[in-house]
There are 2 protein chains.
Amino acid sequence: MCPISTALDAIGDKWSLLIIRDLIIQGPRTYSQLLDSPERISTNILATRLELLISLNLIERTKPQASSRNNAFQVTNRGAQLKPVIQALGHWASRNLTDFHSDMLKM
Amino acid sequence: MCPISTALDAIGDKWSLLIIRDLIIQGPRTYSQLLDSPERISTNILATRLELLISLNLIERTKPQASSRNNAFQVTNRGAQLKPVIQALGHWASRNLTDFHSDMLKM
DNA sequence: CCGGATCCTTGTCGATACTG
DNA sequence: CAGTATCGACAAGGATCCGG
């Protein structure tokens with residue numbers, strides 16, 4: 001199978017890359033901090049995505065089973081390697097999508 | 001707003017990048033050729049995505065209004081600039097997701 | 001309060017049948 | 001061949017509730 005297709009099956013949804021972006025750029029974040037990201041993910045979606053990303057070994061909990069409180073999430077080595085992808089995407093968007101919203105209005 | 005978020009709003013769905021991948025790697029493709037991609041997109045979804053990508057100026061029709069038949073789609077300049085993103089994603093997947101399906105089985 | 005789980009509504013996807 | 005129409009299934013979103 002095509003690696004692009006495989007990658008998109010794993011992280012091609014609406015939220016996964018945004019979560020990973022937060023964790024890469026800002027370092028370990030708690031559940032609440034991720035909820036407060038400007039994109040306003042809802043609680044159930046965030047919990048589901050986090051579990052999925054953990055099962056794919058892209059992120060992990062910082063304090064495995066400590067107090068179940070104030071435990072944060074961080075990217076694993078494998079997840080951190082997505083940084084070039086995110087950078088390339090951000091670079092492309094900066095150069096080509098500054099007029100994105102005006103494009104949308106024409107629809 | 002964050003450029004990553006903007007980019008994902010535009011092409012962060014399941015199919016857009018796969019279509020662009022086909023058009024970048026294989027060159028201009030007709031509707032039927034895109035339908036025959038191994039990922040098996042359905043007809044209505046493909047039509048919707050193509051219109052969306054055209055409205056974003058990421059792809060275009062090769063023969064504007066010729067015979068309405070045998071007209072193909074190709075990436076625009078803006079769309080072609082996604083190539084580094086796709087390559088980065090493919091590279092990452094090749095290195096990290098060869099065991100993706102076995103990871104899924106553990107769930 | 002924090003980290004979720006649950007319920008319910010809404011919207012989007014996707015398969016198939018159908019049309020010019 | 002290049003789409004459009006229809007409809008069911010499922011995922012996302014929002015609000016609320018619960019345990020520690």
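Quick note on labels: first sequence line is chain A, next is B, and so on, each numbered from 1.
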inquiry  = Under 4.0 Å from OP1 or OP2 of C:dG14: is there any side-chain N or O of B:Lys14 that close?
reply    = yes
Under 3.5 Å donor-acceptor pair, A:Asn44 side-chain atoms to D:dG14 base atoms = yes
request  = To the nearest Å, give me how far apart CG (A:Leu52) and C1' (D:dA12) are.
outcome  = 15 Å
note = Ranking B:Arg49 and B:Thr43 by the position along DNA chain C of their nearest nucleotide, the one closer to 5' is B:Arg49
Identified side chain to side chain contact (heavy atoms under 4.5 Å, CB included) partner of A:Ile45 from the options A:Ile41, A:Thr48, A:Thr43 = A:Ile41
ask   = For the atom pair CG (A:Leu50) and CG (A:Leu34), what is the distance rounded to the nearest 0.5 Å?
value = 6.0 Å
request  = Using atom CD of A:Gln33 as one end and atom P of C:dG3 as the other, report the distance to the nearest whole Å.
outcome  = 8 Å
request  = To the nearest Å, give me how far apart CZ (B:Phe73) and C1' (D:dC1) are.
outcome  = 12 Å
inquiry  = Is A:Arg61 close enough to C:dG4 that one of its side-chain N or O atoms is under 4.0 Å from OP1 or OP2 there?
reply    = yes
ask   = Taking atom C1' of D:dA2 as reference, at what distance in whole Å does atom CG of B:Leu50 sit?
value = 10 Å
query = Phosphate oxygens OP1/OP2 of C:dC13: is one of them under 4.0 Å from a side-chain N or O of B:Trp15?
reply = no
inquiry  = So B:Ser32, base contact, sugar-phosphate only, or nothing? Heavy-atom distance under 4.0 Å.
reply    = sugar-phosphate
request  = Round to the nearest Å and state the distance from B:Asn71 atom CG to D:dG3 atom C1'.
outcome  = 11 Å
ask   = In whole angstroms, how far is the C1' atom of D:dA12 from the CZ atom of A:Arg40?
value = 16 Å
message = Whole angstroms only, please: what is the OH-P distance between A:Tyr31 and C:dC1?
response = 18 Å
Between A:Arg78 and A:Gln81: side-chain donor-acceptor atoms closer than 3.5 Å = no
query = Hey, are A:Asp9 and A:Thr6 close enough side-chain-wise for a donor-acceptor pair under 3.5 Å?
reply = no
note = Of the listed C:dA5, D:dG13, D:dG3, the closest approach to the A:Ile45 side chain comes from D:dG13
query = Quick one: B:Leu46 CG to C:dA15 C1', roughly how many Å, whole number?
reply = 14 Å
task = Give me the one residue out of A:Arg21, A:Lys14, A:Arg49 that meets salt bridge (charged side-chain N to carboxylate O under 4.0 Å, His left out) with A:Glu39.
result = A:Arg21
